[in-house]
2 protein chains.
Amino acid sequence: MLDLAACCAPIRREPLDPADARVLAEAFRALADPVRLQLLNLIATSAAGEVCACDLVEPVGKSQPTVSHHLKVLREAGLVEADKRGTWVWYSVVPHRLDELRRVLARR
Amino acid sequence: MLDLAACCAPIRREPLDPADARVLAEAFRALADPVRLQLLNLIATSAAGEVCACDLVEPVGKSQPTVSHHLKVLREAGLVEADKRGTWVWYSVVPHRLDELRRVLARR
DNA sequence: GATCAATATCGACGGTAATCGATGTTGCTC
DNA sequence: GAGCAACATCGATTACCGTCGATATTGATC
């Protein structure tokens, strides 16, 4: 799992070495797809704070394997968490991960 | 040029329609490459607030065409501006573009 | 334990992006 | 205007990514 807290000061404030640039790019790459942004949005704006994966396929208009793939990318980027309860998997956002990305973009 | 201000409320706060998701994803895609993050960092942290393109090739360790390509991507994403002065081109960041991306990631 | 439903994984295909050498373009200088 | 330097574009190559059908896995139910 990529660790942003241990990595990157705001890029408008301090020098960024190549290794940290790779970690950061990997994090932003998770946000660089419209389907993943929609999934993240659906999960983040849900009233319960979590959404069953079964309710994420139809809204984004992609196949079940494709949605599963994108959820995996979001998971590996640390942006969402999966909680398996019986047959269903419930997804929720990891707020501090998005906060860390905000921090990296802060003004100098 | 993609327009974030006219597009996207914070994705943790309001629903995100597919068209806006595409615009947003395009913006984040510009940040999803280590070379571009390094270039953005070099420009943003420069004392003068702008950097000659000629001083951006060596630090990132890529060929001149590759650097030129990445600068174009950053330009088309609205994250940097280019100012041609004689033989040289000076690059500076567009602060409000990065601020808009921060806003999109804000908490609900 | 056989069946069914929800997810994940696999394999393959098509598109896109990163990279670089070669070449084009622009502007300076003598 | 010839030569040179900075930068952009082109063409080709390679690698990666999104997508989906098919299949495997897991867990619930009867």
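Taking atom NZ on A/Lys62 and atom C1' on D/dG21, their separation rounds to 15 Å, with Å as the unit. In this structure, A/Arg29 atom CZ and D/dA15 atom P are separated by 17 Å, rounded to whole Å. Look at CG on B/Leu71: it is 11 Å from P on D/dT9, rounded to the nearest Å. The distance from atom CD of A/Gln64 to atom P of D/dG18 is 17 Å, rounded to the nearest whole Å.
B/Ser92 pairs by the side-chain hydrogen bond (donor to acceptor under 3.5 Å, both in side chains) definition with nothing, not counting sequence neighbours. Scanning for side-chain hydrogen bond (donor to acceptor under 3.5 Å, both in side chains) contacts around A/Arg12 gives B/Asp99, with sequence neighbours left out. Checked against side-chain hydrogen bond (donor to acceptor under 3.5 Å, both in side chains), B/Thr66 has the following partners two or more places apart in sequence or in another chain: B/Ser63. For B/Leu105, the side chain to side chain contact (heavy atoms under 4.5 Å, CB included) test picks out A/Leu31, A/Leu98, A/Leu101, A/Arg102, B/Ile11, B/Phe28, with sequence neighbours left out.
Residue B/Ser68 has a polar side-chain atom (N or O) positioned under 4.0 Å from OP1 or OP2 of D/dA8. Contact between the side-chain N/O atoms of A/His69 and the OP1/OP2 oxygens of D/dG18 is found at a separation under 4.0 Å.
The outermost nucleotides of DNA chain C lying under 4.0 Å from heavy atoms of chain B, listed 5' to 3', are C/dA17 to C/dC28.
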Please list each protein N or O that sits under 3.5 Å from an N or O in nucleotides 3-6 of chain D, with the distance.
none

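Listed by first then second residue, pairs satisfying disulfide bond (SG atoms under 2.5 Å apart) with a partner in residues 60-108 of chain A number zero, not counting sequence neighbours. Residue pairs meeting the disulfide bond (SG atoms under 2.5 Å apart) criterion with at least one partner in residues 64-108 of chain A, sequence neighbours excluded, do not occur; the list is empty. Evaluation of the side-chain hydrogen bond (donor to acceptor under 3.5 Å, both in side chains) test over residues 13-23 of chain B, restricted to residues two or more places apart or in two chains, returns none. Screening residues 27-50 of chain B for side-chain hydrogen bond (donor to acceptor under 3.5 Å, both in side chains) gives B/Arg36-B/His70, B/Glu50-B/Arg85 as the qualifying pairs, with residues at least two apart or on separate chains. The list of disulfide bond (SG atoms under 2.5 Å apart) pairs with a residue in residues 31-108 of chain A, not counting sequence neighbours, reads A/Cys52-A/Cys54.
For the segment residues 30-39 of chain A, the set of residues with a heavy atom within less than 4.0 Å of an atom of DNA chain D comprises A/Asp33, A/Val35, A/Arg36, in numerical order.
Remark on DNA chain D: of its neighbouring residues A/Arg85 and A/His70, the 5'-side contact belongs to A/His70, judged by nearest-heavy-atom nucleotide.
Between A/Lys62 and A/Val35, the closest heavy-atom pair is CE-CG2, 3.9 Å.
Contact annotation: the side chain of B/Asp55 never approaches that of B/Leu42 to less than 4.5 Å [non-hydrogen atoms, C-beta and beyond].
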